[in-house]
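Presented below is the structure to which this report refers.
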Amino acid sequence: MKRNGFRRGITVLKHTGAICILWSFLVFLCIAAFLLMLIEPQIKTYGDGLWYCFVASATIGFGDICVVTTIGRMITMILAVYGIMVTAMVPGVVFTYYMEYVKIQEKQTISMFLEKLESLPELSKEELEELSLRVKNFKNGSG
């Protein structure tokens, strides 16, 4: 079940183009980690650079690693702003896409309902009972 939801999420990200934002952020994160490893005295390994970049981009700021160079601080500022933008944009895009999907589903359901109403004389007894049940559920707010 979770795997299916993950795939659906990736599909939505691809469909909306938000996957490009996410990938570019991850690439920038990796490049920033490498640059910080080269220029910052406290960041000695690439893993430390990745850790710092994650903490900075998530705006957590644990304080276990601090940048001291001007370039390091500029990279951190860009990373923090980029992280905030990605954190705000990606869920917003996914939510908007989901809401549009729900609207389309509702319109299709209403269209099918209206088609059945138009062909009321030709419907079988079972189809009429199903239609009646759907109308009752709709009136009660559960349909």
With rounding to the nearest 0.5 Å, note down the distance linking [atom1] in [X] to [atom2] in [Y].
X      : Y     : atom1 : atom2 : value
Thr11  : Ile19 : OG1   : CD1   : 9.5 Å
Thr76  : Ile65 : OG1   : CD1   : 10.5 Å
Met89  : Phe25 : CE    : CZ    : 12.5 Å
Lys103 : Met99 : NZ    : CE    : 7.0 Å
Leu79  : Leu29 : CG    : CG    : 5.5 Å
Cys53  : Leu26 : SG    : CG    : 11.5 Å

Quiz item: Side-chain contact, heavy-atom cut-off 4.5 Å: Tyr52 with Val67?
Solution: yes
Practice problem: Would you mind reporting whether Gln42 and Val68 have side-chain heavy atoms less than 4.5 Å apart? | Solution: no
Group every Ile, Leu, Val, Met, Phe, Trp and Tyr by side-chain heavy-atom contacts under 4.5 Å, then state whether [X] and [Y] land in the same group.
X     : Y     : answer
Phe54 : Leu36 : yes
Phe34 : Ile71 : yes
Ile60 : Met77 : no
Trp23 : Val12 : yes
Ile21 : Ile78 : yes

Looking only at heavy atoms, which two atoms of [X] and [Y] are closest? And how far apart?
X     : Y     : value
Val55 : Gly61 : CG1-N, 3.1 Å
Gly49 : Ala33 : C-CB, 3.5 Å
Lys44 : Met37 : O-CG, 4.0 Å

Keeping the roles fixed (side chain from [X], backbone from [Y]), state whether a donor-acceptor pair exists under 3.5 Å.
X      : Y      : answer
Tyr46  : Cys30  : yes
Ser132 : Leu128 : no
Glu100 : Tyr97  : no

Quiz item: Between Tyr82 and Phe28, what is the ring plane arrangement, given parallel below 30°, perpendicular above 60°, and tilted in between?
Solution: tilted
